[in-house]
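Report on the structure given below.
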Amino acid sequence: MANRLMISTGNEEFLERISEMSGQIITLCEQCGVCSGSCPMVSEMDITPSQMMRMVQLGQSEVLRAKTIWLCASCFTCTVRCPRGLDLSKVAEALRQVILRQAVDHIDIKALPRDELVELPQIALVAGMRKFTG
Amino acid sequence: MRIGVYVCHCGGNISDTVDVQAVASFAENQPDVVLVRDYSHMCSEVGQKMIWDGITDHKLDRVVIAACSPQFHENTFMATVEKAGLSPYVLEIANIREQCAWPHFDLPEAATEKAKDLVGMSIAKARLDEALAKRTMPIGKRVLVVGGGIAGIQASLDLADAGFKVYLVEKEPTIGGKMAKLSRTFPTEDCAACILSPKMADVPANPNIELLTFTEIEEITGYLGNYEVTVVKKPRYVDTEKCTACGKCTEVCPVVVPNEYEEGLTSRKAIYLPSPIAVPHSFILDDQACLGLFPMACERCSEVCEPNAINYDDTPERVKFTVDTIIVATGFDIFDARGKKVYGIEHSRNVITALDMERLIVHASEGKPLRPIGKRIAFIQCVGSRDEQVGNEHCSRICCMYATKLSQLLKRSDPSRDVYVFYTDLRAYGKGFEEYYKRAQRTGVKFIRGRVAEVNSSSSDGKVTLKVEDTLTRQIIEADFDLVVLSVGLLPGEGTKQIARILKLAESPDGFLQEAHPKFRPVDTLADGVFICGCAQGPKDIPDTVAQASAASSRAIRLMNKGEYDIAPVIAFVHDDLCNGCGECIGHCPFGALVLTQTASVNEAVCRGCGSCISSCPTDALDLHCYTNEQLLAVVRASMDSKQEGEIRILVFADDQTTYRLADNVGTGKLSYSSQTRIIRVPSGARVTPKLMLQAFELGADGIFIGESEEKSSPYPHSVATIKKNVAAVRDALSKRNIEPERIRYAEFVTVMLGAFVNQLNGLCDFARSCGPISADQRRGLAHDQVELKQ
Amino acid sequence: MEPDIHKFPYYPGCTLKTTARNFEVSALACAKKLGIELVELPRWNCCGTVFSLTDDDLIHHVAAVRNLIRVQEMNRDGMVEENRLVTLCSMCFNTLKRVNLLVKENPENLEKINNFMYLEDDYEGNVEVIHFLELLRELDPGAISQRVERPLTGLRVAPYYGCLMLRPREVGIDDPEEPTIQGAILAAVGAEVIYNSYMKVCCGSYQTVNDKSAVARLVYDILSHAQADGAQAIVTSCPLCAYNLDSRQKEVREIYPDFEQIPVFYFTQLMAVAFGFGADLCGFDPNQLVPEHLLK
Ligand SMILES: Cc1cc2nc3c(=O)[nH]c(=O)nc-3n(C[C@H](O)[C@H](O)[C@H](O)COP(=O)(O)OP(=O)(O)OC[C@H]3O[C@@H](n4cnc5c(N)ncnc54)[C@H](O)[C@@H]3O)c2cc1C
Ligand code: SF4
Ligand code: SF4
Ligand code: SF4
Ligand code: SF4
Ligand code: SF4
């Protein structure tokens, strides 16, 4: 059986929180799919970027469990293409921050193999820490 | 003097908030009022009859109606008053619905007080109303139609058939516009050229139409009934009368250039026939492409031209004529797909526009394909429309349907083709459109919901690859096609922008020409006697274009048919006894209506009644009918009647065009603003002289607000400048008396700026309240303070 | 003839001082040859590497602003007379420029940040952040080609742009969909420039820390399309892109055994070769794959 989606005003809170953190009027997303078609990471993702926007629009906080929010590479390809002028990378960041601010890290940098740590450019490590840890 | 006052309940709309009885008894106690009535619907036949009876039985000579905004029933009431034998200009309307009952619905007492004031103000004004006659102006039967697309053709034929003289000006060498390039037309699939060419042929055949092709408008000056038009006929070098279109010149011409009629898909010679269905059906010489005219370099064409139609010495010719009305039918341009780089039209010949596809289909169906179309074809929708990345927010309305058309024509002509349409939303809003969409689906065209993210082309095999999300299944599609068709959107063309500049027409945010009212005046503009139709006004299909063209011509006929037209007697006049002939005012009329002989006088045909000039007269000799100095002063005085000790009073001078209607819209929206405001209708904020403002302060105003139409869409040029100047002068005078100069404010509006209006008014009220009322000492004698108008 | 020297404040960033030191060497040398002296900011600190994308988070912009204050100080102290801060790394460039724009557009935010760093001078908002490529674009046409001693004739290179110097639009230094800025410079030093739309596709960026295989797949897409169009080398302007495109070729080969390796250069390395500099100034890394003839 298909899933049944409950839509009610109770879900507004999540939408409002993410809208505020990201500074984006998420209800403007017209679900055109340009972001998904543009995204370099989409083949690794469990939900597409447009689907991520849809779930936030409908206040479905399950979106926080999606791999997608961690896979967004902040490449801004969708940002320069969205016909509604939305910045999806900011929405993904807001979703990550909801988790990271609860002091739940997404990765453990210390667990990386030593030779990797030596070889990786600093900007990769710092950026990784900024994006994946609180 | 016998004034009658009628108070309307508006079936509860007014009476639920405003105490109608209290307003009526207030009116009864006013001097000169001999009759007061209240009724549920004054606009009904019964209500009109009451007015009629009042005038005939009670010998009223002034009528005040307290009801809804004058924009709704003023004309009806004026007609009633006129039929009963009075001048229609002895009628005043107190707008107690939009200005009292609705915005102050939560404060019934304040709303009632304000309603009394408004009635008192109307009585004061009515007392001084002049029994003016309706004015008429003579008007002829000549029309300029700009643009010879289907819109301009239809309008010209309608007008000419009705007996009007038409000058049809087209900048291209042939009429027909975009429609002449189309294959078939949705949803009926008639052949576009077949249905259009008979109409095109009717144009030069009609004796009432003077067709000026390859001609540009240079200048238009004047006004309704007297527009003076200057056009430049560009040299064709081929005499359209003599040319028999034999085509011998083309055969010998050595120059080959891209053919614009074919969207550059084929080539033409320097001397050529603009299109197979060109009207006038004559060749033209392209002097940019020709090997050389100064000095002559080739001359081969004239050698073979038997009727001697070619004249290498042709020059641009300037022609002037006068018309009474103007119809603008300048159409659209398609979005330049090079502006959407992700779709790579510059990098592959297998990415084309829909207009290219129209031409390919025309040639293919004639059995002379211009190029292979291939088996796998994709349409990309919304290219250049609904896209903030290219700065166009609007939907172009027709591209969904033309793609539905082109895709199924392709599929039907070769069912083995795979034809896909990638869309954002499929908009099949018109008559027969949904059925036509279904037909395409039945034919086997596949519609996929997703806006294409990018198009990549391979230089080796010419295949083009699309990337897009099927948003209904959330799958990412990456697929190869032989041909990708961009469904480009519609934009106001350069020609439309040019005519907008020449005629000072307003543009809506999407850049298309702005109609005077989106609901009730859809083909009028704010310029008297100038009408718009077709895609110049906004994207639309052919049936809508033709309907608008006919509408525009009938609106023009409505003005011209009687040979004269009514104008409101709101025009400037000079109190001869006060004018000392100094000539100060002359330069202050933006229309040049003021002339100086012994004293100043007003050219009534030219004056548009803005009142801008009034403040320029140092001796107060200038005045304006319907809004005289005396009347406005009386209105201001009456507006202070109910003012209590310690209360503040804010006067709002609202221009008729915009601010007054905006206030109505605010009322209709039940948006509340301070009830201490009193709105006074003026033709333009520029009518409010410094003297009047000082008088208002002396009489008790604590703040003055002037609202004016946004400069861009104002019917009166320079009115904003006049307001600024007047306000600055009064601010200086106030400062000298230690009165806060910010008590006077002004703003420019359009009729939809509801929030801004409320904020401005409340802001001024809050400010005045925080400063407190102006003391009697400070007010005394203010009206006699000197003001200095700075340029 | 040696040109007059113009001094610019220069922000190196962490990576160019460590794993990508060789890029800096070539850049400084090429700049000098063109009359540009890049004067390193005294006491610079990490810029934060990524611009914080949430609206309620000012603290992460502090680091970038502190560097901008250094530029102010350099001007005050007469070290430079130039308020344009040059960067070599696209990531630093993007972060510094975005923060700079943000504080310039929001005076309240700037005030908060200034108050937070009460021990420092206030940042006055007069600095402009640019990428070294923009400086090169400004030079007279011919300024670069005049100095070429060994034109890279016959070398087919694909300039890779990546994300952060193109996007978002307000910080991008070129058309985000059809950039040409690097290609023009490579053409000026005699190389044959190959361009396809993959040259602006993300390399996976910092995902390289967490998801090597995802990055490898992106890198494969980018490199194989360049190879299909005949490229013999890839050129970048960002040390992280360079790392992903180069070092992750190992992982690419694990997924796509047929993949053939392709050298990756920082753009100033190829400029240095063309200017006739020795191997030391070209900054070739021992691990870097370099075609034989370029080393001569
Ligand atoms: C690809 C495509 C397919 C279409 N298919 C269909 C269809 O199947 N069915 C349908 O109903 N509609 C269709 N349309 C829409 C149709 O083309 C328009 O509705 C119609 O052309 C509008 O006519 P118009 O006269 O307003 O404008 P235009 O056709 O643009 O004509 C304007 C004319 O004014 C002239 N002009 C402009 N500026 C000036 C100036 N300053 N001075 C003098 N002359 C000037 C121009 O040269 C032009 O001749 C299609 C449109 C496109 C782009
Ligand atoms: S591109 Fe923009 S409008 Fe389209 S689906 Fe993505 S976020 Fe929504
Ligand atoms: S910013 Fe994130 S979601 Fe957008 S295209 Fe890049 S990786 Fe995908
Ligand atoms: S004179 Fe000009 S138009 Fe005539 S044949 Fe020669 S090139 Fe063609
Ligand atoms: S008509 Fe259809 S294709 Fe055209 S802009 Fe509107 S939605 Fe897009
Ligand atoms: S300024 Fe206005 S009111 Fe005065 S004469 Fe001119 S058009 Fe008439």
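Below, chains carry the letters A, B, ... as their sequence lines are ordered, and counting in each starts from 1.
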Residues, nucleotides or ligands: over 12 heavy atoms within 6.0 Å of B/K446 NZ: yes
Pair A/S50-B/R474, side-chain donor/acceptor within less than 3.5 Å: yes
A/I25 atom CD1: more than 12 heavy-atom contacts under 6.0 Å: no
Over 12 foreign heavy atoms within 6.0 Å of CD, A/E116: yes
Residue pair B/I476 / A/S43, side-chain heavy-atom distance below 4.5 Å: no
Gap between atom CG of A/L86 and atom CD of B/E388 - 0.5 Å precision: 7.5 Å
Heavy-atom neighbours of A/R65 CZ exceed 12 at 6.0 Å: no
side-chain hydrogen bond (donor to acceptor under 3.5 Å, both in side chains) evaluation trace for B/E469 with A/T48: CA-CA 9 Å; B/E469 173 178 57; A/T48 64; 2.6 Å; yes
Segment of A/C35 engaging chain B (4.5 angstrom heavy-atom cut-off): neither
Spatial distance of atom CD (B/Q475) from atom OG (A/S36) [nearest 0.5 Å]: 12.0 Å
Whether over 12 other heavy atoms sit under 6.0 Å from B/Q441 CD: yes
Heavy-atom closest pair, residues B/R386 and A/P83: O-CB, 3.4 Å
Option among A/R81, A/E30, A/Q31 that satisfies the side chain to side chain contact (heavy atoms under 4.5 Å, CB included) test with B/R451: A/E30
Exercise: identify the closest heavy-atom pair between A/G37 and B/A453: C-CB, 3.3 Å
Region of B/V452 that comes under 4.5 Å of a non-hydrogen atom in chain A: backbone
